[in-house]
Each structure stands twice: as structure tokens, then as C-alpha cells.
Amino acid sequence: MCGAKLTALIFNMLKLGVNIDHVATVREIRHGIEPEPVNAALLAESSGADSIVVHLREDRRHIKEKDLFVLRKTIKTKMNLEMSIAPEIVKIACRLKPDQATLVPEKRQELTTEGGLDVISNLKKIAQVKNTLGEQGIGVSLFIDPEKKQIDAALKVGIKMIELHTGRFAEAKNKQQVQRYLKELKIAAKYAKAKGLRVFAGHGLDYYNVCLVADIKEIEELNIGYSIVCRAVLMGFEEAVREMKALIKR
Ligand code: PXP
């Protein structure tokens with residue numbers, strides 16, 4: 001047995017991608033320079049993050065183009081760019097050359113990415129974008145709902161990686177729903193993996209629900225943002241107040 005396989009058996013090799021969009025959201029509340037998302041990315045990496053995830057939205061509500069290019073030069077782990085298939089965004093991705101692009105649906109009014117990409121209805125467009133990004137050496141993943149028909153469509157496009165949208169599971173209102181949507185994720189992950197896809201998952205995962213998804217052995221990586229930023233704000237609050245108090249006392 002090779003070393004890597006043995007290590008994978010001994011340790012849980014599930015990877016964590018940290019989405020830092022909402023660090024930029026806080027910065028944009030005042031259109032200021034703080035908090036700097038690049039600093040958050042470096043702290044995430046030094047704390048064990050396996051990749052840094054950013055979404056350049058068409059309306060630029062949080063992450064800006066400038067952030068992307070600074071991050072590209074700074075971070076040492078995988079850069080995963082979430083992006084729509086809009087031509088303007090595709091052009092930027094081709095210049096940026098992230099390690100991975102995750103194609104997501106995007107609606108202007110939504111607070112966050114509400115559902116997975118409809119690969120079935122956008123087969124041609126997605127295939128074109130996948131090829132354009134592929135020519136630049138960018139690996140392409142599709143953010144889809146945990147449904148067999150979407151996985152089959154992803155396979156038709158020639159995709160090698162998918163990210164399952166965990167939103168339905170994360171928003172479950174009771175135990176029955178939790179079990180129902182967890183089962184849906186398990187079935188989708190198993191099916192996709194059996195078809196040779198690399199399987200990632202994310203959206204709405206937090207400190208209370210993550211373990212159930214982390215137990216799905218076919219899933220290789222979880223991408224988590226909002227709950228980590230929320231936790232970071234509270235974890236750092238005491239220290240921030242203490243520092244300010246010390247300064248004004250002086
Ligand atoms: N994965 C994808 C493709 C996403 O669009 C998002 C939200 O930006 C996430 C993961 C992270 O979701 P959350 O911020 O709810 O953890």
C-alpha cells in the first residue's frame with residue numbers, strides 16, 4: 001500500500017476550503033480598507049485551510065477584481081474562484097488563472113447562491129466556458145443540487161469535479177427533513193463518485209451541522225464561509241474591546 005493511501009486511511013483527509021467573501025462584505029459596509037480579505041486568507045491558511053474560496057459577483061458586492069489578483073500572488077494553497085458564466089467574468093478568470101473555477105448560478109437580488117447550477121438547461125454554454133477555462137489550465141467544478149439528473153448533465157459536459165449544494169440540508173426545519181436531505185446528499189455523492197467524479201460540497205454548513213456531511217466518505221472537500229466569519233467575529237470580540245480600552249486608558 002502506498003504512503004498516501006495509508007495516510008488517507010489513518011487520518012480523515014477531508015479538506016476544508018475557506019470562503020472569505022464575507023470578510024470583504026464587512027469591508028464594503030464602509031467602502032474602507034479593513035478588514036483586508038488577503039489577511040483573512042493568510043490566517044486561514046496558517047490555521048489549516050486547504051484552499052481559499054472567493055466569489056467575484058457580477059455586482060462586486062464583496063470581493064473586487066483587485067482582491068483576486070493580490071490573493072493569486074499571495075496565497076500558497078489552492079485558489080478556488082466561484083464565478084458565473086457571464087463573458088466578462090470568464091475573461092477575468094482567464095487572466096487570473098485560479099487553480100480551480102467553480103461555476104455557480106447568479107441572481108442579482110439573492111443574498112447568497114440560492115440553488116445549484118441548472119446544467120441541463122445550460123449544457124452548451126457551460127461546455128463552452130469549461131473549454132475556455134480549460135485552455136488556460138483552470139480546473140472546472142460545477143456547483144449543483146444533489147440530483148442524479150444534474151450529475152448526468154455534468155458528465156455530459158465532460159466535467160471531472162462537482163460541488164454539491166448543501167443548502168436544502170442546512171436549511172432543514174426538523175429531524176425528518178435533516179434525514180431526508182442528508183440521504184439525498186449521500187445518494188448523490190455515491191452516484192457521482194461511482195461515475196468517476198471528484199465530489200465537493202458546501203453552502204450553509206456550520207459548527208452544528210457540518211459533522212453529518214463530513215461523514216459522507218465520497219466527499220473530498222467542504223467549502224465553508226459564512227459560519228466561519230460569524231464565529232471569527234465573536235471569538236475576536238473580547239480581545240478587540242480589551243485592546244481599545246487599553247488604548248484609551250493610556
Ligand atoms: N460553495 C459555493 C459554491 C458557494 O457559492 C458558497 C457561498 O458563497 C459556499 C460554498 C459557502 O457557503 P456558506 O458561506 O454558506 O458557507
Side-chain angles (χ1 to χ4, degrees), residues 14-26 28 37 40-41 44 49-64 67-68 71 77-86 89 93 98-119 126 129-130 133 138-147 150-151 154 159 161-172 181 185 188-189 192 197-214 216 219-233:
L14 184 62
K15 293 195 168 104
L16 173 66
V18 176
N19 180 312
I20 56 169
D21 290 349
H22 296 308
V23 175
T25 302
V26 177
E28 292 310 309
D50 299 290
S51 59
I52 300 298
V53 188
V54 274
H55 185 172
L56 181 71
R57 280 193 165 263
E58 290 167 33
D59 63 10
R60 309 291 198 273
R61 66 173 76 157
H62 38 55
I63 292 292
K64 313 280 184 215
D67 297 322
L68 297 181
L71 279 166
T77 58
K78 176 174 86 172
M79 181 179 196
N80 178 2
L81 176 69
E82 290 178 11
M83 55 179 280
S84 75
I85 56 170
I89 302 288
D99 302 289
Q100 184 187 314
T102 301
L103 306 187
V104 301
E106 200 172 305
K107 290 188 223 124
R108 283 287 158 108
Q109 301 80 1
E110 68 188 357
L111 289 177
T112 179
T113 315
E114 282 164 358
L117 201 58
D118 184 355
V119 192
I126 291 172
V129 171
K130 182 225 160 214
L133 296 172
I138 304 165
V140 179
S141 172
L142 303 183
F143 189 41
I144 57 175
D145 287 324
E147 294 168 6
Q150 294 295 345
I151 297 169
I159 284 291
M161 313 181 262
I162 56 164
E163 179 174 340
L164 297 174
H165 195 303
T166 51
R168 290 203 281 251
F169 160 79
E171 281 152 33
Y181 293 126
L185 284 168
L197 292 171
R198 294 177 67 190
V199 187
F200 313 139
H203 198 91
L205 298 178
D206 59 28
Y207 295 82
Y208 305 97
N209 64 19
V210 72
C211 290
L212 290 173
V213 178
I216 304 176
I219 296 176
E220 193 182 311
E221 178 183 277
L222 297 177
N223 292 313
I224 307 179
Y226 183 69
S227 64
I228 293 178
V229 175
C230 291
R231 177 64 59 109
V233 169

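Ligands are counted one by one from 1 in listed order, and the atoms in each one are counted from 1 as well. What's counted below: heavy atoms across the whole structure, side chains too, no hydrogens, waters or symmetry copies.
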Handout entry: Element-labelled atoms of ligand 1 that are located less than 4.0 Å from some non-hydrogen atom of Val104
Key = 3 (C)
Fill in the blank from the handout: Tightest non-hydrogen contact, residues His55 and Asp21, listed as N-OD1, 2.9 Å
Fill in the blank from the handout: In ligand 1, the atoms that come under 4.0 Å of a heavy atom of Asn19 are 8 (O)
Practice task
Could you tell me whether ligand 1 has any atom less than 4.0 Å away from a heavy atom of His55?
Solution key: no
Handout entry: His203, His22, Glu82, His62: member with heavy atom nearest to atom 2 (C) of ligand 1
Key = Glu82
Problem - Heavy-atom side-chain proximity of Leu103 to Met83 below 4.5 angstrom - result: yes
Handout entry: N/O separation below 3.5 Å, Gly225 to ligand 1
Key = yes
Handout entry: Taking atom 14 (O) of ligand 1 as the reference point, the nearest protein heavy atom with its distance
Key = Tyr226 N, 2.9 Å
Exercise for the section: Please report the closest heavy-atom contact between Asn80 and Ala101, naming both atoms and the distance. Expected result: OD1-C, 4.2 Å
Handout entry: Closest contact, heavy atoms only, Leu14 versus Glu221
Key = CD1-N, 3.7 Å
Problem - Sub-3.5 Å N/O-N/O distance, Glu163 and ligand 1 - result: yes
Handout entry: Gly204-ligand 1 polar pair, N/O distance under 3.5 Å
Key = yes
Fill in the blank from the handout: for atom 11 (C) of ligand 1, nearest protein heavy atom and its distance come out as Asn223 O, 3.8 Å
Completion exercise
All heavy atoms of Ser141 vs all of Glu163, minimum pair found to be OG-N, 3.6 Å
Practice task
Might you point out which heavy atoms bring Ile85 and Ile126 nearest each other, and give the distance in Å?
Solution key: CD1-CG1, 4.5 Å
Fill in the blank from the handout: d(Ile162 CD1, Arg198 CZ) to nearest 0.5 Å is 12.0 Å
Exercise for the section: Would you please determine whether Ser227 falls within less than 4.0 Å of ligand 1 on a heavy-atom basis? Expected result: no
